[in-house]
Trainee: 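The structure that follows is given in the form of structure tokens.
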Amino acid sequence: MDASKETWGSRTGLILAMAGNAVGLGNFLRFPVQAVQNGGGAFIIPYLICFLLMGIPLLFTEWSIGRFGGKLGNHSTPYILDSMSKKSIWKYIGVFGIFTNIAVVAYYTYIESWTFIYVLHTVFGTFNGMGKEEVSLFFDNYVNLTGSDLGIRYLPAIVYLLVLGVNVYILSTGLGGIEKVAKIGMPLLILFGCVLAYQGWTMGADFASREFPDANAWDGINFLWTPQYSSLADPKVWLAAAGQIFFTLSVGMGSIQCYASYVKENEDIALNSVTAGFTNEFVEVLLGSAIVIPIAAGFLGLDWVIENAGFGMAFQTMPYLFQQWGVVFGAVAGVCWFGLLFFAGITSSLAMGTPWMGFMQDEFGWGKVKGAVSFGLIALIMGLPTVLFYRYGYFDEYDYWGGTVSLVIFALLETILFAWVFGIDKGWQELNRGADIRIPNIYKWIMKYVTPTLLLLVLIGAMFTPAGNDWAAAVSGLLDGQGYALESSSLISKLSHADLKAQLLVNPEKADLIEKKMRYSSLARTQLILLFLGITLIVWYSHKKRKTALS
């Protein structure tokens with residue numbers, strides 16, 4: 001089918017696919033950890049404000065941009081953005097919308113493969129009888145390629161290839177295949193989430209032990225949901241909240257614009273974007289906050305959770321905790337948990353393939369199978385090093401530059417394009433065309449002034465994060481002529497590996513490992529730069545091809 005004629009089969013399928021794009025691993029893995037690390041209830045208020053002032057406006061912007069470009073026959077960000085301005089630079093800014101998806105899917109599919117293999121391990125009873133430390137070591141051995149591989153050498157790479165292959169196959173069936181997966185995956189995801197959330201809300205102090213006598217799931221829930229207004233004056237919390245909005249809504253990537261480019265010309269995108277956004281928030285805030293933290297607090301106590309909260313808890317801690325519910329329900333809980341994560345992951349990663357496929361279809365006439373296979377091969381070339389060199393920071397580099405910095409830059413530029421170049425009046429008209437709901441007029445002002453300003457502040461904050469995240473002391477020191485000390489994790493510092501050099505000073509005994517991390521980090525960045533330049537070159541060639549065809 002010609003890409004310009006392909007559309008979504010139903011509004012329900014579109015909304016579920018869009019929600020599936022947004023509802024991903026960040027809802028269940030990143031959100032609880034960010035909340036804990038930023039003070040629990042101190043995080044929630046800035047997070048919800050960022051959702052209303054950044055998340056919703058960006059959804060409105062990306063849906064509008066996508067539908068506008070789609071009616072002109074464009075289904076990827078280079079030419080969707082190009083159609084909104086006479087300046088040719090915008091097509092090259094649109095490269096971010098293809099680059100980011102490939103960079104993210106390269107390592108994101110690896111996390112999907114963890115969830116897949118952990119479902120199998122749960123069914124096979126691998127974790128039965130293992131202690132907390134053994135379960136944690138099991139994960140470390142798996143990702144570091146030092147064991148936990150069922151005796152099959154490079155099993156993580158094989159499982160990664162299998163999961164990536166599943167993504168490619170579904171993508172090769174077009175929007176219909178994605179829609180079917182969303183219609184099955186999203187309800188199952190919510191069902192599994194509700195089962196686990198119910199346990200989190202009802203276990204209370206029933207599982208306190210001699211080792212953790214104060215364990216109580218309600219401590220975790222109260223910690224997350226007791227408002228702390230002091231955070232409103234803490235830039236660090238605001239930066240974390242804004243960053244989570246990008247992760248959770250998949251904005252600033254280019255996949256939403258691509259999905260929206262296939263909607264009918266007068267279909268309601270205002271209600272669709274709000275529905276997809278609030279579905280994501282329901283899953284994240286109500287389900288995501290009710291699983292990992294309360295369940296861990298119910299077994300291990302809140303103090304342990306605050307001290308150990310991290311991305312790896314899902315794989316290093318949860319399998320052990322599920323066992324405490326007994327063999328049968330522990331297995332059910334494990335399948336629900338890792339099955340939930342798998343469906344959350346695959347509904348998001350499928351969206352990441354559509355910008356590349358739409359571009360190659362529009363510009364070079366490639367069919368679905370050729371587009372999907374080529375996407376899979378590029379993702380494999382980019383992603384295999386994240387599997388083989390995980391311990392040396394390849395994964396982390398992709399996540400930071402491709403999955404964080406790139407999103408903020410692209411989101412900032414597209415809001416400027418929509419509100420200031422294309423024009424907020426034309427943009428507002430595009431957003432409201434065919435709408436079944438009336439969007440409050442205040443959002444017109446927010447989209448023009450507030451959202452771009454917040455995005456600019458997030459980017460500046462990430463670039464110049466002061467030492468200890470103490471902004472008041474940093475500004476005071478600058479005014480007093482004492483200089484401005486950067487945090488080693490700030491964007492500017494990371495460019496020179498200041499974060500790794502700081503680790504080297506603290507842990508000289510790990511010099512060999514840290515020096516290898518520096519080398520592999522540089523290699524990962526080189527690979528990302530080459531990917532961006534390669535896509536830019538293809539866009540340049542396609543533009544030249546278009547001009548030749550017109551002449």
Side-chain angles (χ1 to χ4, degrees), residues 25 76-78 92-114 143-145 154 156-161 163-165 167-168 246-247 252-255 345 348-349 352-353 355-357 359-360 371-410 462 489 491-501 513-541:
L25 297 168
S76 62
T77 51
Y92 297 109
I93 289 172
V95 168
F96 278 103
I98 299 176
F99 161 79
T100 300
N101 286 283
I102 295 175
V104 172
V105 84
Y107 69 88
Y108 197 89
T109 317
Y110 187 33
I111 308 175
E112 277 178 44
S113 73
W114 301 347
V143 295
N144 291 327
L145 306 181
Y154 295 117
I158 296 170
V159 178
Y160 169 75
L161 188 60
V163 172
L164 181 59
N167 277 270
V168 169
F246 283 94
F247 275 92
M253 291 189 68
S255 50
S348 294
S349 61
M352 298 175 200
W356 168 265
M357 291 177 62
F359 176 76
M360 298 309 288
V373 171
S374 61
F375 173 76
L377 287 174
I378 298 170
L380 179 62
I381 292 169
M382 292 296 298
L384 198 55
T386 69
V387 181
L388 300 178
F389 310 122
Y390 177 89
R391 72 170 86 178
Y392 301 127
Y394 231 96
F395 181 104
D396 296 330
E397 288 295 316
Y398 277 27
D399 184 43
Y400 183 76
W401 298 106
T404 306
V405 176
S406 180
L407 269 63
V408 179
I409 293 173
F410 186 47
S489 61
L491 194 158
I492 298 297
S493 296
K494 285 181 77 70
L495 283 171
S496 61
H497 297 303
D499 52 337
L500 292 174
K501 291 173 182 175
L513 174 62
I514 294 172
E515 286 170 1
K516 280 186 177 179
K517 281 188 174 184
M518 288 185 195
R519 289 198 296 273
Y520 279 103
S521 292
S522 298
L523 190 59
R525 293 176 190 181
T526 302
Q527 203 166 344
L528 289 171
I529 291 169
L530 290 175
L531 173 65
F532 191 90
L533 292 176
I535 297 170
T536 303
L537 185 61
I538 296 172
V539 171
W540 172 82
Y541 177 73

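The model shown is predicted, which means the values in this text are computed figures rather than measured ones. Numbers here are sequence positions counted from 1.
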Trainee: Looking at Ser76 and Pro355, what are the two nearest heavy atoms and their distance?
Mentor: CB-O, 3.4 Å

Trainee: Show the nearest heavy-atom pair for residues Gly402 and Leu407, with the distance to one decimal.
Mentor: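 Of all heavy-atom pairs spanning Gly402 and Leu407, the closest is O-CD1, 3.5 Å.
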
Trainee: Side-chain donor-acceptor pairs under 3.5 Å in residues 94-110, sequence neighbours left out?
Mentor:
residue	atom	partner	partner atom	Å
Thr100	OG1	Phe96	O	2.9
Thr100	OG1	Ser406	OG	2.6
Asn101	ND2	Gly97	O	2.6
Asn101	ND2	Met253	O	2.9
Tyr107	OH	Asp399	OD1	2.8
Tyr108	OH	Leu25	N	3.0
Thr109	OG1	Val105	O	2.5

Trainee: Looking at Leu533, Thr526, Leu531, which one forms a side chain to side chain contact (heavy atoms under 4.5 Å, CB included) with Ile529?
Mentor: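 Result: among Leu533, Thr526, Leu531, Leu533 is the only option passing the side chain to side chain contact (heavy atoms under 4.5 Å, CB included) with Ile529.
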
Trainee: Nearest heavy-atom pair of Ser374 and Trp356: which atoms, and what distance?
Mentor: OG-NE1, 2.9 Å

Trainee: Supply the atom-to-atom distance Ser349 OG to Glu112 CD, rounded to the nearest 0.5 angstrom.
Mentor: 3.5 Å

Trainee: Under 3.5 Å, which donor-acceptor pairs do the side chains of residues 377-395 form with other protein atoms, sequence neighbours left out?
Mentor:
residue	atom	partner	partner atom	Å
Thr386	OG1	Gly383	O	2.5
Arg391	NH2	Asn144	O	2.5
Tyr394	OH	Gln527	OE1	2.7

Trainee: I need the Trp401 CH2 to Leu528 CG distance, nearest 0.5 Å.
Mentor: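 Atom-to-atom, Trp401:CH2 and Leu528:CG are 10.0 Å apart.
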
Trainee: Check whether any side-chain N or O of Arg525 sits under 3.5 Å from a backbone N or O of Leu495 as a donor-acceptor pair, and report yes or no.
Mentor: yes

Trainee: To the closest 0.5 Å, what do you measure between OG1 (Thr404) and CD1 (Ile409)?
Mentor: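 Reported value, rounded in 0.5 Å steps: 11.0 Å.
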
Trainee: Report the residues that fulfil side chain to side chain donor-acceptor pair (under 3.5 Å) with Lys517, sequence neighbours left out, ordered by chain and then residue number.
Mentor: none

Trainee: Stepwise, does the side chain to side chain contact (heavy atoms under 4.5 Å, CB included) test hold for Leu161 with Tyr154?
Mentor: CA-CA 11 Å; Leu161 188 60; Tyr154 295 117; over 6 Å; no

Trainee: Just grab all the side-chain hydrogen bond (donor to acceptor under 3.5 Å, both in side chains) pairs involving residues 376-385, residues at least two apart or on different chains.
Mentor: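 Sorted result for residues 376-385: empty, none.
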
Trainee: Work out which heavy atom in Leu145 is nearest to a heavy atom in Pro156; give both atom names and the distance.
Mentor: CD2-CG, 3.5 Å

Trainee: For Ser489, enumerate each residue passing the side chain to side chain donor-acceptor pair (under 3.5 Å) test, keeping only those at least two apart in sequence or located in another chain.
Mentor: none

Trainee: At their closest point, which heavy atom of Glu397 faces which heavy atom of Ser521, and how far apart are they?
Mentor: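 Distance-wise, the nearest heavy atoms are OE2-OG, 3.4 Å.
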
Trainee: If I take atom OH from residue Tyr92 and atom OG1 from residue Thr77, how far apart are they, to the nearest 0.5 angstrom?
Mentor: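 If we round to the nearest 0.5 Å, Tyr92:OH and Thr77:OG1 are 13.5 Å apart.
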
Trainee: Could you check if a side-chain atom of Ile535 sits within less than 4.5 angstrom of a side-chain atom of Phe359, using non-hydrogen atoms only?
Mentor: no

Trainee: Taking side chain to side chain donor-acceptor pair (under 3.5 Å) as the definition, give me every residue that meets it alongside Asp499, ordered by chain and number, with sequence neighbours left out.
Mentor: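 Residues passing side chain to side chain donor-acceptor pair (under 3.5 Å) with Asp499: Lys494.
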
Trainee: Starting at OG1 of Thr536, measure out to CD1 of Ile93 and round the result to the nearest 0.5 Å.
Mentor: 11.0 Å

